[in-house]
Structure formats: C-alpha cells, structure tokens
Visitor: 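Below you will find the structure I want to go over with you.
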Amino acid sequence: MPATAEISIPDEAAANSSCAENIVNDGATVLRELGTENNSSNTNNDSNAIKSDGSNPSKTPSQASVEPSSGMAEELAAGREILKDEMRVRAEHQTTVNQLMERQAEKQRRYDQLVEVLKKSSVYAKLIVDRIEEEKKNFNKRLARAERQQSETAAAQPDVAEPAEAPSPPPPPSPPRIRRSQRISNAASASATASTSVSKKRSRPTDDDDSFTSAASAATTAQKPTKRRRAADNPAKPKTEPQPVAEPEVQPETQEPGRLDLFTGQLRDYQLEGFNWLRRMYENGINGILGDEMGLGKTVQCIAFIAHLVRMGVTGPFCVVGPLSTLCNWRAEFARFAPAVPVVLYHGNKDRCALLRNEMRNPLPVAGCNTSCKPVVITSYEMAIRDRSVFQRYEWKLLIVDEGHRVKNFQCRLARELRMYHCTHRLILTGTPIQNNLTELWSLLNFLLPEIFEKLGTFEAWFDAGVLQDAEAKRRLLEQEKEQQVLSAMQQILLPFMLRRCKADVDLEVPPKREQLLYAPMAPEQLALYRMAVDRTIEKLLDGDNRGSGMSAASLEVTGPRQAKVRADRISRQMALSDETNSSRRQGEADDDDDEDDADVGDENDEGGRAKAGVSSAAVSADALLTVADLDVALGGGGGGNVESAELHINLRNPMALLKRICNHPYLVRYPLTPDGQYRVDEQLVSVSGKFRLLDRLLPELQRQGRKVLIFSQWVCILDLLQDYCHLREYKFSRLDGGMSLEDRDSEISRFYTEADNRIFLVTTRAGGLGLNLTPADTVIIFDSDWNPQADLQAQDRCHRIGQSQPVLVFRLVTADSIDERVVSRADAKRTLERMIISRSRFRKSLTRDALEQAKRLDRRELEDLLLTEAKPTTAAAAAAADSAEVLPDAELAKLLDRSDLMADWERLRAERRAKEAAADSSQ
Ligand SMILES: Nc1ncnc2c1ncn2[C@@H]1O[C@H](COP(=O)(O)OP(=O)(O)OP(=O)(O)O)[C@@H](O)[C@H]1O
C-alpha cells in the first residue's frame with residue numbers, strides 16, 4: 001500500500017492540458033500565417049502579427065487610417081472571427097483543465113483521508129493481533145504446566161503404597177479435538193481443568209483452537225477479579241485511541257465444578273470463532289460488525305456471548321434492538337439456547353411498556369449460577385425511538401443492533417436516537433453490510449466508531465455501483481486499483497472491525513440453493529397498458545375524462561381507505577387476520593415495517609415513503625371511474641357503452657411506479673369490479689399478467705409435490721392480489737406484512753409451521769425478509785425484485801439456512817422487455833460492489849498478522865475475475881409466446897422444478913465430508 005503515494009495527474013487531465021497548449025500554439029500559427037498573407041498583399045510589408053483585437057500595432061496612425069482593400073478587410077474580419085473562436089476554445093479548455101485539476105485535488109484529499117483512517121485502523125488491528133498472540137502464548141504456557149504436572153503425578157503414582165485407599169481417579173481423558181461443533185461449555189471446562197488434566201496427545205493450538213484459547217482466557221479472567229475499565233463510547237466523548245485491554249467486569253471466582261453453563265447449545269466451529277471474536281472485541285473495548293451471511297447463526301453467537309458475559313459476572317443491562325418481525329425469534333432463541341438468562345420483550349402500548357419497565361429494572365437471579373443480572377431487553381426500532389428517554393437512562397453494557405444495515409443512513413432517526421444511548425459496547429449484526437454503496441458501510445462504521453470514521457468523504461464515491469454496469473468503467477476501476485490500491489486500503493481498514501463469513505466458507509451442512517431468473521413476457525392487455533404508460537396516452541385519456549370534473553390527471557389517485565366498501569369482501573375472506581390489521585394495512589402501498597423511521601425516505605423503491613411524503617391524492621368516486629371508457633377500449637375491455645366498473649390506481653406523478661405496477665399486474669392500475677362493487681376474482685386475474693401466468697404454472701406443481709413456498713413482494717397491494725389468487729385456486733396460505741401486529745405475525749408463522757396443507761407464505765420483503773426462520777419452505781419466489789439486491793438475498797435466506805434439509809429453489813420473476821430488467825441489472829451491479837469490498841476471503845477469520853499482510857496484497861487477477869466475469873443467476877426459462885396458454889411447457893416446468901442434481905451434489909459432498917472426518921478421526 002503506497003501510504004504516501006504521489007498521485008499523478010491522470011491521463012485525461014494531462015491530455016486536456018496539452019490539448020489546450022496545442023490550441024494556443026495552433027492559434028498563434030494561424031495568426032502568424034494570416035499576418036504573412038496580409039503582408040504579402042500589403043505594400044507596407046508588415047511582419048508583425050495582428051493583436052487579439054484585430055489591430056496591427058506596427059502600423060502608424062496614418063497607415064492605419066489608410067482604408068484596406070475590400071478583400072483585405074474580409075480577410076481581417078475572418079481573422080478576427082478565427083481569433084475569437086480560438087480564444088473561446090482556449091478559455092473552455094482552460095476551464096476543463098481547472099475542473100479536472102480540482103477533481104484530482106479532491107480525490108487526493110479523499111485519498112489522504114483514507115490513508116489517515118488506515119493508520120488509525122491499523123493501531124486497532126495491531127492491538128487485536130497482539131492480544132491474540134498473547135492469549136496463545138498464555139495458553140501454551142498453561143498447557144506446558146499442565147503437562148508437567150500430569151507427568152509428575154504419573155511419576156509419583158507407583159509410589160502409592162495402598163491402592164485400596166482409592167487414589168483419586170485418573171484425570172478424565174482430554175476432550176477429543178472437536179471438529180464440527182464445539183460446546184462452549186466443553187471449551188470452558190476444558191480450560192478450567194487444563195491445569196490438571198490435559199492430554200499429552202493434544203496438539204499445539206492453531207487458529208482453530210481458538211476455543212481453547214478463549215476458554216483459557218475466560219478462566220484466567222475469572223480468577224482475576226479486575227474491574228472492567230469503562231471503554232464507553234459516549235458520543236459526547238469520542239475516544240481517539242483504542243482503550244487498553246480491559247477485562248470484563250467479573251465477580252470473584254464463582255464457578256463450582258459441574259455448575260450448569262448458561263449456554264446450552266452447541267456452537268459450530270465458525271460460530272465458536274465468532275464467539276471468540278465477540279469476546280475479544282468486548283474485552284478490548286472495540287465496537288464491531290458481525291457481518292456473517294444470513295442464516296449462519298449471528299443470533300446464536302450473540303446469545304452465547306451474552307451468556308458468557310453473565311457467567312463472567314457482568315450484570316447487564318443488555319439491549320437488543322431489531323425489526324419487529326425478529327423479536328419473537330430472539331426471545332425463542334434465548335429460551336432455547338440460554339434459558340437461564342432472563343429476557344424482557346419490550347413492545348406494546350404505553351401502559352404495557354410501563355409494566356415492562358418494572359421488569360427491566362431489577363436484577364434477577366440466574367438459575368444455576370451464583371449470580372444475578374438484569375434481563376436482556378429485546379425491543380424494536382420503533383420502541384427504541386419512541387421510548388428513547390427511558391432507554392437513555394440505562395448504562396447498557398452491550399447494545400446489539402440486529403439487521404443493523406438499518407442505520408445505513410447515518411442521519412436517519414434510528415441512528416440519531418441510538419447514538420444518545422449510553423453504552424459500553426456496541427455491536428451491529430448484519431448479513432448485508434453493503435447494500436447499495438460505500439456510504440452505507442461508512443454509516444455503519446460511523447455509528448460504531450465515530451472517532452475513526454468521522455469524514456464521510458473518505459468513503460464516498462470511490463466505487464459507484466452505476467459504474468460497475470459499464471465494461472469500460474470496470475477497466476478504469478482496475479487501473480485505479482493498480483495505481484492507488486484503494487480497495488486493499490478499504491479492506492485493511494475494515495479488517496479489525498468486521499467479521500464476515502459466507503455460507504460457501506463454512507461447513508454449514510445445508511443443502512445447496514439454485515437461483516433462477518424467470519422471464520415472463522407481458523400478456524396482451526398488460527402490454528397495451530404498458531405502452532400507454534410509456535407514451536403517456538394514459539395521461540391524455542385521463543385528462544380528457546376528468547376535464548369536466550376539474551381534476552388534473554397528475555393528481556389522480558385512488559386511495560385505499562376510500563375503497564372500504566369494495567375491500568370489505570377481501571377482508572372478510574382473509575384467514576386468521578383481524579379487520580384492524582387489514583385496515584391499517586390498507587394505508588400503505590409498499591410495505592413499511594417499522595417505517596416510522598425516516599431512514600428509507602429517498603429509497604428509490606419506497607412507495608410507502610412517497611405516499612407518506614404526501615402525494616396529495618384525489619380520490620375518484622366510483623361514478624367517475626365508469627367514465628374512463630377510453631381506457632377500457634384501449635385495453636380491449638367492454639367499451640361501446642358496455643364499460644365495466646373498475647378501481648383505478650394511477651399516480652402520474654410517479655411514472656416509474658406506474659410502469660412497475662403494470663409490469664407486475666395490470667390490476668394494480670385497474671382492478672375490475674363486480675356489479676355490486678366487489679373485486680372481480682376470476683380467471684382473468686391470471687391471464688392478464690405475465691408473472692401470474694408463470695406463477696400459475698409453478699404453484700400447482702409445487703402444491704402437488706407438497707412443497708412449501710415463500711412468495712415475496714415489496715408491495716402490500718401485490719400481496720392482496722396474490723391472496724385473491726390463492727382464494728381463486730383454493731390454496732391455504734399465511735401472510736405477513738408491515739401492517740400486522742406482533743401477535744398476528746407470530747400466529748401466521750406458527751400456522752405455516754404447523755399446518756401441513758398451508759403451503760404458501762405471502763410475505764413482504766421488508767417486513768418478512770429479515771431475521772425470520774421459515775425453514776419448512778424449500779422454494780422461494782421473488783415476485784418483484786428490489787433495486788437493492790440484498791433485500792432479495794435476505795428474503796431467500798429465510799429458508800436457506802441451518803435447519804433446511806432440502807435443496808432450495810429460488811425463482812426471481814422478471815417481466816421481459818420492461819423496467820423490471822433494469823431493476824435486475826442494476827441490482828447485479830450492486831452485488832458486484834458488495835463482492836468487491838467485503839465478500840472476499842479476507843474477513844473470513846478473525847484478525848491475524850497473516851490476514852493483515854494478505855489484505856495489503858490484493859490479487860489483481862481475483863479482482864479482474866470478479867469484475868469482468870461475474871457469477872449471475874442462471875436465466876432459466878423465458879416463457880413461451882404471450883398469447884399461448886402454455887406459458888411454460890411441461891418439459892420446461894419439470895426441468896425447472898427438478899432438484900435431483902442439487903440433491904446428488906449434496907449427497908456427494910456429505911459423503912466426502914464423512915470420509916474426511918473418518919480419516920481424521922482414525923489418524924488421531
Ligand atoms: N449452533 C446451532 N445449533 C442449532 N441451531 C442453530 C445453530 N446455529 C444456528 N442455528 C439455527 O439456524 C437458524 C439460523 O440462525 P440465526 O437466526 O441465528 O442466523 P442469523 O445469521 O442471525 O440469520 P439472519 O441474518 O437471517 O438473522 C436458526 O433457526 C438457528 O436456531
């Protein structure tokens with residue numbers, strides 16, 4: 001990393017600069033030539049060039065007053081014009097050069113900042129590496145001492161005269177080197193007994209032996225009742241240097257032999273490593289991001305970590321803030337993995353929360369442990385904001401922000417409020433640290449470590465996802481990397497603060513998944529409507545229809561609440577959902593889980609946000625709708641006085657949203673009504689949308705196979721349509737969206753788990769895409785992709801996670817030749833950005849000296865591969881002709897739904913793994 005790299009003026013600037021010089025020179029040449037020509041026709045034989053204003057300085061006043069010939073005058077005039085042009089060009093080029101120089105200076109400034117951050121970050125990196133090495137040294141010393149003691153005991157044993165006196169039993173055999181899963185409790189007790197009973201066979205610890213190291217350190221700290229030095233990160237007092245290594249605040253040794261450990265689960269190897277990383281960060285007073293891919297067990301690692309802190313005598317309080325949908329999951333996981341640790345789920349109205357606050361306040365005894373601690377408070381973003389003044393009164397020992405990419409906008413309300421909490425340690429959990437751009441990653445880091453990540457400019461716009469769509473720009477990016485190594489600098493900066501493992505890196509024992517893009521051509525009616533939206537015919541039609549009513553097309557929008565009568569039917573048909581829930585759901589278009597926060601306003605796709613931002617919509621009465629006859633005629637509907645009633649939803653102020661609606665289903669723009677004002681749910685619901693046609697091919701077959709399916713959409717109104725479809729086909733289903741209460745969400749999830757014939761779960765990406773475990777499903781259909789690719793990935797990972805036993809098929813539906821394709825390609829570019837910065841092997845292990853060195857040497861070939869040959873989901877099936885009833889021929893369908901190849905791969909992998917394990921065991 002050239003820390004003091006001189007940045008030369010880029011070729012472009014140099015070229016422009018020399019270009020400007022050339023022009024000046026050329027201009028002078030032209031003028032000289034012009035002067036020569038003039039001289040040749042001028043009897044005065046002047047040899048000087050003409051001044052810029054066209055006068056000839058060498059002429060005497062009398063000469064100047066001599067009238068030139070008309071030819072000469074023309075030449076002079078032409079010369080003046082040329083000169084003016086040249087001056088203009090010269091000025092323009094000078095401006096360009098100045099701009100380029102300014103840009104370059106700005107880039108240099110940002111680069112200097114980056115180097116500065118790198119320096120700060122390497123102080124932390126060194127601290128952590130030194131700490132790890134020290135732990136290893138200590139462990140080795142303890143091991144050697146234990147071995148010495150053991151051999152001394154063995155040597156002393158023959159001298160024991162009376163075997164009948166029952167010598168103390170031989171030390172229990174040391175635990176075998178555990179490969180796949182490792183109980184923390186085992187690790188802890190292994191270390192606790194390390195001084196008396198460590199097998200001679202055990203090899204020297206490697207990185208993988210971190211568990212033992214951890215436990216050794218835990219035991220060491222348990223014996224040293226030092227007071228934890230408060231490494232508080234109170235924003236008012238940012239710390240500028242890493243805090244000295246601090247021990248957790250421990251009470252005197254309390255562990256008795258055989259005492260129940262608080263974490264009752266078994267961590268896998270990589271989870272154990274994550275646990276050790278969490279512990280080390282805490283002990284060193286460094287906040288961090290646990291960025292493991294979704295479903296790898298971030299929740300479980302945190303629970304193990306909190307259980308460890310409690311066991312070490314840290315009495316809390318601890319706080320977990322997450323999306324509403326995940327709260328029950330956190331509570332359930334605590335009950336499953338650390339039942340002795342008290343937990344309070346803080347959610348509800350003010351009265352209920354007042355009661356909960358009483359529970360929060362007092363320390364409770366921890367079963368099986370000679371200690372007590374305040375309950376772990378689990379709450380939602382909404383509550384964390386609403387009751388900030390309450391939460392602010394606590395001195396949180398640990399604040400966990402689950403799905404922490406929510407603070408991706410550093411100015412968002414949630415980030416602002418959480419910054420006011422007093423906490424010793426902060427931790428962000430996110431499976432998707434980079435969603436759209438580097439600014440978001442900076443925001444997360446700024447939230448955690450404001451003293452290091454203080455200047456947004458440092459991270460801003462080094463790499464732009466938009467640029468990554470363009471091959472030429474990718475090549476330029478490679479050049480930049482060669483010159484400045486910005487990418488490696490960023491990776492080095494992140495290294496001490498982030499741990500991220502991908503599913504491919506770890507032995508997850510989850511069958512593989514296959515993601516496929518399914519292209520659906522538009523149905524004829526849909527295409528007609530789409531064209532009308534593109535060429536703005538809709539606008540003209542609506543303008544015409546509403547001229548008399550004094551309503552402009554731009555303000556035309558039908559809103560949900562005014563449609564209560566026609567919605568009633570839909571509501572009454574819903575299963576297990578309360579009316580209250582539904583009416584609240586009607587308020588928003590796109591889902592807005594916990595969206596009281598302003599974090600997502602400005603999100604490209606945030607329909608709900610825009611609605612809230614106040615698109616003043618004029619509701620159109622049912623009578624007015626009847627008059628939109630031209631629209632019906634254009635769509636091939638009734639016309640000629642036989643126009644059916646329909647609910648229109650057209651917001652011309654947002655043409656992009658209008659196109660997206662049409663791509664997904666024309667009913668989102670114009671839903672036909674029955675004569676009595678109900679939604680007309682018949683075969684046409686399927687036939688007018690390309691995506692529904694595809695769906696109608698996939699779902700019956702999946703139902704026949706008994707597969708459970710998750711269908712994700714970003715729009716609540718699409719969920720409504722899908723629900724109508726389920727009624728039409730008489731499919732049982734569950735549903736989860738942002739308008740539902742915590743209890744309703746919980747009951748819908750449990751219905752999906754427990755009812756065998758409930759095989760479809762309709763979920764909004766925002767409300768249900770995060771933190772849920774829906775492993776009964778093995779098929780995911782993403783009805784409409786998000787601009788943010790991570791939202792789709794999160795959705796897929798609801799069922800592709802630990803606990804899944806089947807290969808998972810993921811289908812992303814894309815309407816061919818439409819705005820949908822743009823969404824998909826832009827999302828792919830953003831995925832490349834994410835892969836470039838963090839999804840490389842660098843963050844796989846917690847920090848080592850080797851990893852630090854490796855991060856300095858970014859492999860150019862690796863980067864080239866990534867940028868120039870990207871892995872994309874397979875484009876499996878383009879639907880057949882739009883007017884064909886056979887949208888997806890049987891043979892194609894069978895191929896799409898066939899998982900036998902995935903299963904075979906999975907079986908082979910498992911067999912190989914078993915063989916390896918057997919070989920390793922026999923060699924021990
Ligand atoms: N060591 C373990 N033993 C048993 N079950 C586990 C273990 N680790 C994870 N799981 C299970 O795997 C599933 C995924 O784990 P978890 O929810 O902690 O993942 P996550 O990384 O937090 O996912 P997300 O990012 O989606 O929130 C859960 O059902 C969890 O109970």
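What you see below is based on every heavy atom in this structure, not just the backbone, and it leaves out hydrogens, waters and symmetry mates. Whatever order the structure lists ligands and atoms in, that order sets their numbers, starting from 1.
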Visitor: Taking the basic N atoms (NZ, or NE/NH1/NH2) and the acidic carboxylate oxygens, is any pair closer than 4.0 Å for Glu912 and Lys916?
Guide: no
Visitor: Would you name the heavy atoms of Asn287 and Leu448 that are closest together and state the gap between them?
Guide: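 Of all heavy-atom pairs spanning Asn287 and Leu448, the closest is ND2-O, 2.8 Å.
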Visitor: Please list, in number order, the atoms of ligand 1 under 4.0 Å from a heavy atom of Thr299.
Guide: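 Counting from 1, the qualifying ligand atoms are 16 (P), 17 (O), 18 (O), 22 (O).
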Visitor: Considering only heavy atoms, does Phe337 approach ligand 1 within less than 4.0 Å through its side chain, its backbone, both, or neither?
Guide: side chain
Visitor: Using a strict cut-off of 4.0 Å, indicate which atoms of ligand 1 neighbour a heavy atom of Gln266.
Guide: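 Those qualifying, in numeric order: 1 (N), 2 (C), 3 (N).
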Visitor: Check whether any heavy atom of Asn773 sits under 4.0 Å from an atom of ligand 1.
Guide: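 Yes, that is the case, since the closest heavy atom of the residue is under 4.0 Å from the ligand.
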Visitor: Quick test of your reading of the model: are Glu293 and Arg501 salt-bridged, counting only N-O distances below 4.0 Å?
Guide: no
Visitor: Distance to the ring centre below 6.0 angstrom and angle to the axis at most 45 degrees; does that hold for Lys708 and Phe752?
Guide: yes
Visitor: Between Phe761 and Arg735, is there a cation-pi geometry (under 6.0 Å to ring centre, at most 45° from the normal)?
Guide: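 Cation-pi check for Arg735 and Phe761: fails.
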Visitor: Show the atoms of ligand 1 that are less than 4.0 angstrom away from any heavy atom in Arg798.
Guide: 26 (O)
Visitor: Under 4.0 Å from a heavy atom of Gln271: give me the atoms of ligand 1 that qualify, with their elements.
Guide: 1 (N), 2 (C), 7 (C), 8 (N), 9 (C)
Visitor: Between Arg801, Arg336, Arg268, Gln804, which one has a non-hydrogen atom sitting closest to atom 4 (C) of ligand 1?
Guide: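 Answer by nearest heavy atom: Arg336.
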Visitor: On a heavy-atom basis, which atom in Pro342 and which in Val366 lie closest, and how many Å separate them?
Guide: CD-CG2, 4.4 Å
Visitor: What orientation do Tyr421 and Trp396 show, parallel under 30°, tilted 30 to 60°, or perpendicular over 60°?
Guide: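 Aromatic pair Tyr421/Trp396 classed parallel.
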Visitor: Closest approach of Ala304 and Phe275, non-hydrogen atoms and distance?
Guide: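 For Ala304 and Phe275, the tightest heavy-atom pair comes out as O-CE1, 3.6 Å.
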Visitor: At a 4.0 Å cut-off, with the gap strictly under it, does some heavy atom of Val300 reach an atom of ligand 1?
Guide: yes
Visitor: Checking the N or O distance criterion of under 3.5 Å, is ligand 1 in contact with Leu267?
Guide: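 No; every N/O pair is 3.5 Å or more apart.
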Visitor: Counting heavy atoms only, which of Ala304, Gly297, Gly322, Gly803 comes nearest to atom 18 (O) of ligand 1?
Guide: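 That would be Gly297.
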Visitor: Is it true that Gln301 lies under 4.0 Å from ligand 1, counting heavy atoms only?
Guide: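 Under 4.0 Å: no for Gln301.
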Visitor: Just which atoms of ligand 1 are under 4.0 Å from any heavy atom in Glu333?
Guide: 28 (C), 30 (C), 31 (O)
Visitor: With a 4.0 Å cut-off on heavy atoms, is Gly265 in contact with ligand 1?
Guide: no
Visitor: Of the side chain and backbone of Leu296, name the one, both, or neither that has a heavy atom under 4.0 Å from an atom of ligand 1.
Guide: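 Leu296 to ligand 1: backbone contact only, side chain stays beyond 4.0 Å.
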Visitor: Do the ring planes of Phe263 and Phe337 sit parallel (below 30°), tilted (30 to 60°) or perpendicular (above 60°)?
Guide: parallel
